[in-house]
Number of protein chains: 2
Amino acid sequence: MIKSVEKAFRVLESLSLAEGPMRLSDIARANGMTRSNAFHLLQTLQELDYVRQAEDSSAYEVTFRAFEIGARILKRTGLVSVAHPFLVHLSEQVPENVMLNVRDGIWNVVADRIESRSVVRTLAFLGARAPLQAVSSGKVLLAHAPESIVQAVAANLTAFTERSITDPAVLRAQMETVRTQGYAIAIGEVNADAKGVACPLRDRHGEVVAAVSIAGPMDRLTEDTASAYVVLLQDTIARIEAAWANGWRGAVEGARG
Amino acid sequence: MIKSVEKAFRVLESLSLAEGPMRLSDIARANGMTRSNAFHLLQTLQELDYVRQAEDSSAYEVTFRAFEIGARILKRTGLVSVAHPFLVHLSEQVPENVMLNVRDGIWNVVADRIESRSVVRTLAFLGARAPLQAVSSGKVLLAHAPESIVQAVAANLTAFTERSITDPAVLRAQMETVRTQGYAIAIGEVNADAKGVACPLRDRHGEVVAAVSIAGPMDRLTEDTASAYVVLLQDTIARIEAAWANGWRGAVEGARG
DNA sequence: TGTAGTGTTCTAATATATGGAACAATATAC
DNA sequence: GTATATTGTTCCATATATTAGAACACTACA
């Protein structure tokens, strides 16, 4: 572990988590380093263009460069661009938010998200992380993840609400159900009044690479609507898979107007 | 400039730019470092969870953690969440892509993007960077940027196409026009067949903090449609500004279902 | 006007990152 | 199938780059 690299990322994380620009001393204190040390790190990050000093004050803030790196990852697979228009179409048929999720280690990450016009309330922002076992899309992704991941998750079952899965046996059983029935549901397992349905999305080799989910507040997502959503999800996913398999890139990227 | 930090970010950038996972030796070669050096850097990045070894091979790839950092930046302002539903509404009225852009130093960055259902072709991906002077939204942002930024841009006018602005005087004149007429147009200045219109979005203090743009291929965006779009843009922006000023957060973020 | 805290520069000491050699494990060539 | 080249990884000694600390000018505030 290269110490200075670790520190640099700690500084970057502090800044990205802060409400606004941070002052040098605060950064130093927050990370238990001397001011001069923090200064050197910040100067480096600034030269690399990951951090800038806010135009008026001398406080530091992150630039969008970090965002750019991340955005490239999503762009690379092409999946997001292919899927996006289909998800938009789906979101027009349901009064809830639609999300494209991928797995990152033992986490569920929101790779794309379409807000329904009628929905004021968003339950997840782009890039949001959630434990795999506690959200519908995460369950789908976990059900098709390598055994090593399942073990890691099973060893770390924390209760966020009283409905959270805490028993590894229950987890395994649910995973089996998800695999056979082809969809997953999560009911208030990370946030008490949120509920979601999700289905797997496969690449041309049949590997599950993402999960599409519909999520909303508890009271609106009844049993009936949920099963109707599964049909919609599967239909949408079938189309995305077809488009993707055909090598169709939904977008010609790079140019601007 | 802390050397190891610089190297770590170089490695991260290489990985994020690569098509797929990269092997240790290639990373080392690409960045002119020894294998053992690259190994240590990668191990550090791996411990920090920014990089992982692809599940099958031993090749390295970036995780979504970098994306997460970036996504937090956007989330912080709240602007994106507030604006999003309005932009979706706008995109339903025009057969082109709608984008929310912010300025990052001398660059235009796409902070949010809504693809019109009817548009297969996307001209810009989330997080895309373009020179301020060459895209419509960039012109808007530059027209309201501090003098130091204008100078930096003016000193670096490169010709991407034959329509690109290369004369600082022309740039200054256009900036003045943009300020008085309240919108900007770019016609094939970075990509020959792309065109766009953009208007400024202000915060409650009247500061221009973003630009909303409509962009598409040259042939579809005529003079007439462009001026119609300006009206739509201004209408949409007025609503966003109102919603934002009222402290309305379009989304309650964090929870999942 | 005084006191406490801040951003930044400098220098010296040493903790630390680095290259190179060594090795087993793969990949590639023949 | 063997031989050869290349690869990922470990270890170590050394030089180098990182760090803490003192010093200073500046700001904020009482």
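Letters A, B, ... mirror the listed sequences (proteins, then strands); counts begin at 1. These numbers come from a predicted model, not from an experiment.
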Please confirm whether the shortest side-chain N or O distance from [X] to OP1 or OP2 of [N] is below 4.0 Å.
X       : N      : answer
B/Gln53 : D/dT9  : yes
B/Arg35 : D/dT7  : no
A/Lys7  : D/dT18 : no
A/Tyr60 : C/dT6  : no
A/Arg29 : C/dG5  : no
A/Ser25 : C/dG7  : yes

### Message
Donor-acceptor pair, distance only, cut-off 3.5 Å: does the side chain of B/Asp167 make one with the backbone of B/Ala169?
### Response
yes

### Message
Given 3.5 Å as the limit, does a donor-acceptor pair link the side chain of B/Asn101 with the main chain of B/Ala211, or not?
### Response
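It does hold such a pair.
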
### Task
Just call it for B/Ile2: base, sugar-phosphate, or nothing, with non-hydrogen atoms closer than 4.0 Å on any strand.
sugar-phosphate

### Message
Which heavy atom of A/Cys199 sits nearest to which heavy atom of A/Tyr183, and what is that distance?
### Response
SG-CB, 3.7 Å

### Query
Only one of A/Thr180, A/Val140, A/Leu142, A/Val170 clears side chain to side chain contact (heavy atoms under 4.5 Å, CB included) with A/Met175; which?
A/Leu142

Atom-to-atom span, [atom1] of [X] to [atom2] of [N] - whole angstrom:
X       : N      : atom1 : atom2 : result
A/Lys3  : C/dA15 : NZ    : P     : 10 Å
B/Phe39 : D/dC11 : CZ    : P     : 10 Å
B/Asp26 : D/dT6  : CG    : P     : 13 Å
B/Leu41 : C/dA17 : CG    : P     : 10 Å
A/Asn37 : D/dA22 : CG    : C1'   : 16 Å
A/His40 : C/dT16 : NE2   : P     : 16 Å
A/Leu42 : C/dT6  : CG    : P     : 15 Å
B/Gln43 : D/dG8  : CD    : C1'   : 11 Å

### Query
Quick one: are B/Leu45 and A/Phe9 in side-chain contact, heavy atoms under 4.5 Å?
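Yes, their side chains come closer than 4.5 Å.
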
### Polar side-chain contact A/Ser36-D/dA20 base: donor and acceptor under 3.5 Å
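Donor-acceptor pair under 3.5 Å: yes.
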
